[in-house]
Amino acid sequence: MAQLIIPCRSVTVARLPVLFHYRYKQSSRKLFCSVATESVPDKVEMDAPKEIFLKDYTKPDYYFETVDLSFSLGEEKTIVSSLIKVSPRVKGSSAPLVLNGHDLKLLSVKVEGKLLKEGDYQLDSRHLTLPSLPAKESFVLEIDTEIYPHKNTSLDGLYKSSGNFCTQCEAEGFRKITFYQDRPDIMAKYTCRVEADKSLYPVLLSNGNLISQGDIEGGRHFALWEDPFKKPCYLFALVAGQLASRDDTFTTRSGREVSLKIWTPAEDLPKTAHAMYSLKAAMKWDEDVFGLEYDLDLFNIVAVPDFNMGAMENKSLNIFNSKLVLASPETATDADYAAILGVIGHEVCNRALCCLWNLILCNRVTCRDWFQLSLKEGLTVFRDQEFSSDMGSRTVKRIADVSTLRIYQFPEDAGPMAHPVRPHSYIKMDNFYTGKFSIYLRSLGFLLISFPVSPLYVNSDNMLCFLFFLLSFQVYEKGAEVARMYKTLLESEGFRKGIDLYFQRHDEQAVTCEDFFAAMRDANNADFANFLQWYSQAGTPVVKVASSYNAEARTFSLKFSQEIPPTPGQPTKEATFIPVVVGLLDSSGKDITLSSVYHDGTLQTISSSSTILRVTKKEEEFVFSDIAERPVPSLFRGFSAPVRVETDLSDDDLKQLASELKTELLKIVENNRSTEAYVFDHPNMARRALKNTGSRFAFTTYLASLEDPSYVELALSEYKSATNLTDQFAALAALSQNPGKTRDDVLADFYNKWQGDYLVVNKWFLLQSSSDIPGNVENIHALQTTIIQVYSLIGGFCGSPVNFHAKDGSGYKFLGDIVVQLDKINPQVASRMLSAFSRWKRYDETRQALAKAQLEMIMSANGLSENVFEIASKSLAA
């Protein structure tokens with residue numbers, strides 16, 4: 001057994017294994033505790049990675065009707081019993097039943113009450129196969145397993161976080177709980193009985209409605225939960241621990257009262273007020289905008305500090321990373337508040353839509369297979385964007401979303417990890433789920449364009465470099481753009497008609513992207529031509545536009561050509577359906593009222609200032625009539641399609657910067673100061689963002705060029721006088737980029753003040769790790785972090801071009817060593833960190849060689865996980 005010193009809350013329970021040591025250990029005793037962990041063996045037996053293909057999908061041979069689960073939670077082990085009613089898909093089928101299972105100890109298997117002997121089944125490291133089953137319409141299968149949540153550092157399945165039991169089952173975590181057909185097209189009604197020591201785990205939660213609870217012998221107690229709706233196993237959830245709740249109610253539009261509870265450790269309850277506000281705002285928005293009413297009587301949210309995702313939308317029991325629930329003016333920035341509003345809106349969408357839309361995540365309609373993930377996640381991100389737009393500024397929100405797409409998704413679509421919105425294959429599905437973590441990263445400061453305006457409190461240039469690699473935006477953000485294009489083409493009323501038909505057709509079914517497409521098309525009698533190419537082709541379309549004006553004929557022509565560059569596995573592409581929202585501006589910059597447009601032999605009448613051009617071929621031309629002067633075309637209004645655009649238009653001359661920029665920046669800082677109490681609203685966010693941006697720019701620019709000590713005093717003054725974390729952290733970020741005693745003193749002061757709050761310490765990690773101070777690798781080695789804090793520490797380091805791309809290769813070696821170590825603990829986190837190498841072929845020759853050496857070292861590591869193998873192998877093969 002190995003002893004590790006790890007950062008903890010001010011409680012005595014342990015968290016997860018660590019990688020480094022804090023240099024401030026002596027001054028922060030209450031933040032640490034010791035925990036015994038299993039040593040990693042020298043040799044690890046692993047199955048060879050297997051690639052799974054969309055084309056190989058087959059329907060299951062057996063369906064599950066009901067699933068009754070029983071958990072006996074213990075400190076050293078947990079016993080899981082399942083009783084499943086099984087029905088063959090084809091009556092009289094004699095096919096074997098293959099169940100997924102990983103890291104499980106099988107105790108017993110019964111079929112129709114008969115205990116099976118070892119020769120009656122086949123068991124390997126990933127499957128339990130039952131070759132001979134009753135030829136009946138249905139039969140009962142009982143399985144008992146033993147699992148070890150306290151050793152589960154993967155954060156998949158059932159694990160312990162800060163002393164509490166917690167689950168994460170999407171995409172393939174349920175197989176770490178019991179043997180099961182772990183696939184989304186297996187939908188069943190669940191009951192869950194949980195029993196545990198009452199003094200250690202007074203709160204026992206699961207999906208659905210609480211049926212009964214009570215005390216049992218030995219100081220233990222139980223709770224029985226029933227979910228009345230069918231669901232796939234990836235939406236199963238369980239939480240047990242010492243938690244307290246903020247309680248509230250929401251009255252639906254029909255007058256039904258829903259109980260709302262946000263569960264956290266008792267000391268964190270004061271930080272949940274904003275989360276409760278966000279929850280109620282999201283539920284009301286769904287009713288006002290879509291007429292959707294939440295369909296259960298209880299809505300639980302649990303905040304968990306150690307969580308692979310940003311949040312998980314398990315029905316009636318949402319589990320959130322604590323970062324996206326807890327907030328106070330002293331411990332959270334504007335970006336944190338905005339992230340909480342956004343992510344709760346995202347997950348509430350999945351719950352609140354279950355009444356009328358019955359959104360996929362509510363299990364009334366689910367994905368047939370994981371290749372269809374964009375069906376639920378893309379649509380939900382689109383809904384989240386609309387919710388956030390209505391809560392704030394629609395224009396600013398759209399600019400932010402498009403910026404995210406262009407800065408992060410476009411480069412991914414042009415790199416070795418490019419894949420369609422609906423992938424053709426995968427080795428490990430987890431690698432497509434990084435979008436669920438994007439909002440968490442935004443709140444840490446990785447994404448500086450977060451809703452609606454966020455202060456530049458980290459080094460933006462550095463962070464922009466790293467997020468190219470860390471997230472997979474195809475399924476989520478690009479998927480949201482696909483959903484938006486449906487609405488653009490059909491408008492709000494037509495989009496709603498398509499949604500209604502979709503759920504009317506497919507209630508309680510497992511469906512595909514084609515089913516959604518067909519519902520949109522059929523509900524509106526629309527011709528979508530080759531729209532489905534958006535799901536099957538990787539790469540960002542490049543649209544070239546040439547314009548010409550005929551003064552004599554008073555016509556204006558727009559010629560479009562489209563091309564999608566080659567991507568891995570797809571050297572050639574077909575033309576796709578591109579909606580182009582266009583308007584024409586006159587010489588004064590005002591919209592011209594359009595009368596008609598001629599295209600493909602047809603003259604279409606228009607009576608508005610904009611129209612939608614449907615570009616579906618490699619090349620085509622649209623001619624506008626009755627145009628009195630040469631106009632300036634306004635193309636792709638609202639960013640109507642996720643494409644790159646090349647035009648023959650000249651840019652306006654850039655305005656010259658004011659000669660007294662220095663003075664203006666100081667005025668900005670001075671004029672936007674405030675000593676009033678913190679308020680989270682758009683005017684105050686804008687004021688803080690403007691002040692902090694001006695302060696940071698002035699400090700970093702003029703201090704570097706003029707070595708003006710007055711700017712150090714300016715930043716110090718801002719740091720000391722700040723009344724909220726947004727302002728204080730912005731000043732700290734400015735100071736942290738410059739080595740010296742001032743920087744060290746301020747970082748130490750900040751840590752000593754906030755060492756008991758792990759969420760604030762995460763930000764402290766990020767500032768130091770992302771610094772461009774030469775030789776920062778050694779500073780990182782002096783720090784210590786838990787698995788989830790790796791995103792701040794290692795992720796931040798990879799965002800520093802100076803240190804990650806150091807000429808001596810020390811940055812690459814640092815990351816390579818960390819990935820190998822992390823892979824033994826949490827493969828999902830390891831693969832996300834490894835993604836920083838995915839575009840190594842764009843480096844100079846020296847750095848290419850250094851980065852390639854690390855990828856090859858990782859590939860040669862013993863016991864490599866499927867997650868890391870997939871990223872490393874694809875990066876090398878590109």
Hey, is the main chain of Ser865 close enough, under 3.5 Å, to the side chain of Asp823 for a donor-acceptor pair?
yes
Just do the side-chain contact (heavy atoms from CB on, under 4.5 Å) check on Val302 and Leu243 with the steps written out, would you?
CA-CA 9 Å; Val302 181; Leu243 302 167; 4.2 Å; yes
Mark yes or no for whether Ser769, through its side chain, and Ser792, through its backbone, hold a donor-acceptor pair below 3.5 Å.
yes
Do you see a donor-acceptor pair shorter than 3.5 Å between the side chains of Asn318 and Glu313?
no
Taking Ser316 for its side chain and Gly208 for its backbone only, find out whether a donor-acceptor pair lies under 3.5 Å.
yes
Using side chain to side chain contact (heavy atoms under 4.5 Å, CB included) as the criterion, list what pairs up with Ala188, not counting sequence neighbours.
Phe64, Val67, Tyr180, Tyr190
Pair Glu170-Lys376, salt bridge (Lys or Arg N to Asp or Glu O under 4.0 Å): steps then yes or no
CA-CA 13 Å; Glu170 190 175 7; Lys376 66 187 185 73; 2.5 Å; yes
Quick one: does any side-chain atom of Asp268 pair with a main-chain N or O of Thr264 as donor and acceptor, under 3.5 Å?
no
Can you find a pair of side-chain heavy atoms, one from Gln181 and one from Leu99, that are under 4.5 Å apart?
yes
Pair Lys261 + Asp247, salt bridge at N-O below 4.0 Å:
yes
Show the numbers, then the answer: is there a side-chain contact (heavy atoms from CB on, under 4.5 Å) between Ile794 and Leu815?
CA-CA 8 Å; Ile794 311 305; Leu815 178 60; 3.8 Å; yes
Counting distance only, does the side-chain N/O of Glu142 pair as donor-acceptor with the main-chain N or O of Leu83 below 3.5 Å?
no
For the residue pair His127 and Phe179, is the inter-centroid distance of their aromatic rings smaller than 6.0 Å?
no
Among residues at least two apart in sequence or on other chains, which ones pass side chain to side chain contact (heavy atoms under 4.5 Å, CB included) with His274?
Tyr277, Ser278, Tyr337, Ile340, Leu341, Phe680
Any donor-acceptor pair under 3.5 Å from Asn209 side chain to Ile211 backbone:
no
Check the side chains of Ser199 and Asp197 for a donor-acceptor pair under 3.5 angstrom, ignoring hydrogens and angles.
yes
When you check the gap from the basic side-chain N to the acidic O, do Lys763 and Asp336 get nearer than 4.0 Å?
yes
Can you see whether Ser108 engages Asp144 through a side-chain donor-acceptor pair at a distance of less than 3.5 angstrom?
yes
Leu238 side chain near Leu205 side chain, heavy-atom distance below 4.5 Å:
no
Taking the side chain as every heavy atom from C-beta outward, state whether Thr78 and Phe165 have any pair of such atoms under 4.5 Å apart.
yes
Okay, side chain of Trp263, backbone of Gln242: is any donor-acceptor separation there less than 3.5 Å?
no
Does any donor atom in the side chain of Arg126 or His102 lie under 3.5 Å from an acceptor atom in the other side chain?
yes
Electrostatic pair Glu172:Arg183 at N-O distance under 4.0 angstrom
no
Quick one: do Arg220 and Glu195 make a salt bridge, cutoff under 4.0 Å?
yes
With no hydrogens and no angle check, is any side-chain donor or acceptor of Ser154 less than 3.5 Å from a backbone partner on Asp156?
yes
Run the side-chain contact (heavy atoms from CB on, under 4.5 Å) check on Met187 and Thr366 step by step: do they pass?
CA-CA 9 Å; Met187 301 173 68; Thr366 190; 3.3 Å; yes
Does Arg175 reach the main-chain N or O of Asp182 with its side chain, forming a donor-acceptor pair under 3.5 Å?
yes
Anything under 30° is parallel, anything over 60° is perpendicular, the rest tilted; go ahead and classify His150 against Tyr148.
perpendicular
Lys271 with Asp757: basic N within carboxylate O range, under 4.0 Å:
yes
Examine Tyr234 together with Trp370 and report whether their ring centres are nearer than 6.0 Å.
yes
Is the side chain of Gln755 donor-acceptor paired with the backbone N or O of Asn752 at a distance under 3.5 Å, no angle test?
yes
Verdict with reasoning, Lys160 to Asn152, per side-chain contact (heavy atoms from CB on, under 4.5 Å)
CA-CA 8 Å; Lys160 295 191 75 173; Asn152 183 3; over 6 Å; no
is_close_aromatic(Phe236, Phe174), centroid dist under 6.0 Å
yes
